[in-house]
Amino acid sequence: MKAIESGRIRSCVANVGLVVLAVLAVAGDAAAGGLVPRSLGPTTSTVVTIEKSYAAGTIVIVSANRTLDLVISEGRAIRYKIGVGRDGFRWSGTVKVGRKAEWPEWRPPAEMKARAGGLPDLVPAGPLNPLGARGIYLFKGGNDTLYRIHGTNEQSTVGGFASSGCFRMSNADVIDLYERVKVGSTVVVK
């Protein structure tokens with residue numbers, strides 16, 4: 001886990017500074033203005049055969065393929081399409097699901113705020129939050145890595161290399177994964 005072990009912890013949501021500020025500026029008029037997302041996005045899950053043996057409940061992320069597999073039994077997994085870190089923000093290693101949150105709030109870390117000036121200290125929970133409908137928090141050695149598996153309202157970033165190291169899913173997919181995964185589950189990132 002190169003980025004985590006070297007101490008260069010990076011956050012997940014990239015290039016959202018201006019978008020977040022613009023959204024926050026009009027949040028009070030969001031419903032009237034049509035800015036509240038009307039769709040949770042597509043469901044991309046499919047059951048696949050996997051070669052390597054992992055325990056049921058393990059999440060296996062292959063960044064190069066932009067896929068997330070939730071192992072459901074010996075040699076079988078539910079595969080989802082995901083967005084991953086852009087160049088310089090991808091990482092690998094083994095972590096655990098440390099906690100889960102529905103409609104999580106977002107606190108941009110200092111490193112991200114330094115890269116994208118003007119980010120707020122807090123984006124409240126809700127449908128306009130860049131972490132989307134669910135957040136699955138990744139921990140290493142009992143410590144929050146600041147990386148997440150989360151939903152997104154920017155569906156065009158799912159399947160691409162767009163984040164600062166987090167893993168983006170459609171809101172529909174992250175809700176499905178959230179219901180299936182348990183705190184303490186192993187997450188293998190390749």
Side-chain angles (χ1 to χ4, degrees), residues 1-4 9-16 37 40-48 50 54-72 77-86 89-109 112 123 125-127 129-190:
M1 180 162 316
K2 298 171 207 147
I4 293 173
I9 295 176
R10 295 188 171 104
S11 177
C12 26
V13 184
N15 299 325
V16 296
L40 293 175
T43 301
T44 67
S45 63
T46 184
V47 176
V48 297
I50 57 175
Y54 292 100
T58 301
I59 294 173
V60 181
I61 295 171
V62 181
S63 293
N65 297 341
R66 292 162 324 278
T67 58
L68 181 153
D69 291 352
L70 174 63
V71 179
I72 54 175
I78 300 171
R79 178 166 290 166
Y80 303 91
K81 181 178 175 182
I82 62 170
V84 301
R86 64 188 186 275
F89 290 87
R90 285 186 291 281
W91 56 277
S92 61
T94 301
V95 294
K96 297 277 186 182
V97 173
R99 78 179 190 95
K100 305 182 329 180
E102 295 185 24
W103 294 106
E105 63 184 24
W106 179 51
R107 294 180 184 275
M112 178 174 277
V123 179
N129 186 302
L131 294 185
R134 303 290 184 271
I136 299 170
Y137 296 68
L138 305 179
F139 281 56
K140 180 151 181 94
N143 297 309
D144 188 350
T145 64
L146 302 182
Y147 293 116
R148 314 281 184 254
I149 299 169
H150 64 81
T152 183
N153 296 320
E154 293 182 79
Q155 187 56 44
S156 64
T157 65
V158 175
F161 298 96
S163 78
S164 292
C166 282
F167 306 102
R168 296 179 183 178
M169 304 176 77
S170 74
N171 282 323
D173 280 347
V174 80
I175 289 169
D176 183 64
L177 179 66
Y178 180 94
E179 296 300 322
R180 296 173 187 273
V181 72
K182 294 178 177 21
V183 171
S185 295
T186 299
V187 180
V188 178
V189 180
K190 300 177 177 187

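What you find for Gly126 and Trp103 is that their closest heavy atoms are O-CE3, 3.3 Å. Taking all atoms of both residues into account, the shortest heavy-atom contact from Ala172 to Pro42 is CB-O, 3.8 Å. The two residues Val123 and Pro130 have their closest heavy-atom pair at CG1-CD, 3.9 Å. The two atoms that bring Leu131 and Glu105 nearest to each other are CD1-O, 3.6 Å, heavy atoms only. Looking at every heavy atom in both residues, Pro104 comes nearest to Tyr137 through CB-OH, 3.3 Å. Between Ser164 and Arg86, the shortest heavy-atom distance links the atoms OG-NH1, 3.2 Å.
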* Please assess Lys100 against Val183 for the test side chain to side chain contact (heavy atoms under 4.5 Å, CB included), listing each intermediate value before the final yes or no. => CA-CA 7 Å; Lys100 305 182 329 180; Val183 171; 4.1 Å; yes
* Please step through side chain to side chain contact (heavy atoms under 4.5 Å, CB included) for the pair Thr43 and Asp173, ending with a clear verdict. => CA-CA 5 Å; Thr43 301; Asp173 280 347; 3.6 Å; yes
* Evaluate the criterion side chain to side chain contact (heavy atoms under 4.5 Å, CB included) for residue pair Ile61 and Ile149; output intermediate values, then yes/no. => CA-CA 10 Å; Ile61 295 171; Ile149 299 169; 4.3 Å; yes
* Asked: Do Lys96 and Lys140 pass the side chain to side chain contact (heavy atoms under 4.5 Å, CB included) test, and can you show the C-alpha distance, the side-chain angles, and the key distance before you say yes or no?
  -> CA-CA 6 Å; Lys96 297 277 186 182; Lys140 180 151 181 94; over 6 Å; no
* To do: Would you check, one step at a time, whether the test side chain to side chain donor-acceptor pair (under 3.5 Å) holds for Ser63 with Lys190?
  => CA-CA 6 Å; Ser63 293; Lys190 300 177 177 187; over 6 Å; no
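Going from atom CG of Leu138 over to atom OG1 of Thr94 covers 11.5 Å, rounded to the nearest 0.5 Å. In this structure, CH2 in Trp106 is found 5.0 Å from CE in Met112, a value given to the nearest 0.5 Å. Atoms OG1 and CD1, from Thr157 and Ile82 in turn, are 11.0 Å apart once rounded to the nearest 0.5 Å. With rounding to the nearest 0.5 Å, the separation of CG in Leu40 from CG in Asn153 is 9.0 Å.
Checked by atom type and distance alone, the side chain of Arg99 never pairs as donor or acceptor with a backbone atom of Val97 at under 3.5 Å. Under a 3.5 Å cut-off, the side chain of Asp144 and the backbone N or O of Leu146 do form a donor-acceptor pair. A donor-acceptor pair under 3.5 Å is absent between the side-chain atoms of Asn171 and the main chain of Gly132, judged by distance alone.
When side chains are defined from C-beta on, His150 does not count as touching Arg134, because their heavy atoms never get closer than 4.5 Å. Annotation: side chain of Ile136 is in contact with side chain of Leu177 (closest heavy-atom distance under 4.5 Å). In this structure, Lys81 and Ser45 have side chains that are not in contact, with every pair of non-hydrogen atoms separated by 4.5 Å or more. Between Thr186 and Tyr54 there is no side-chain heavy-atom pair separated by less than 4.5 Å. Looking only at side-chain heavy atoms (C-beta outward), Arg79 and Ile50 come within less than 4.5 Å of each other. Side-chain atoms of Thr44 and Val158, non-hydrogen and from C-beta on, never get closer than 4.5 Å to each other.
A tilted orientation is assigned to the rings of Phe167 and Trp91, their planes being inclined by 30° to 60°.
For the side chain to side chain contact (heavy atoms under 4.5 Å, CB included) criterion with Val174, the lone passing option out of Glu179, Met169, Arg168 is Met169.
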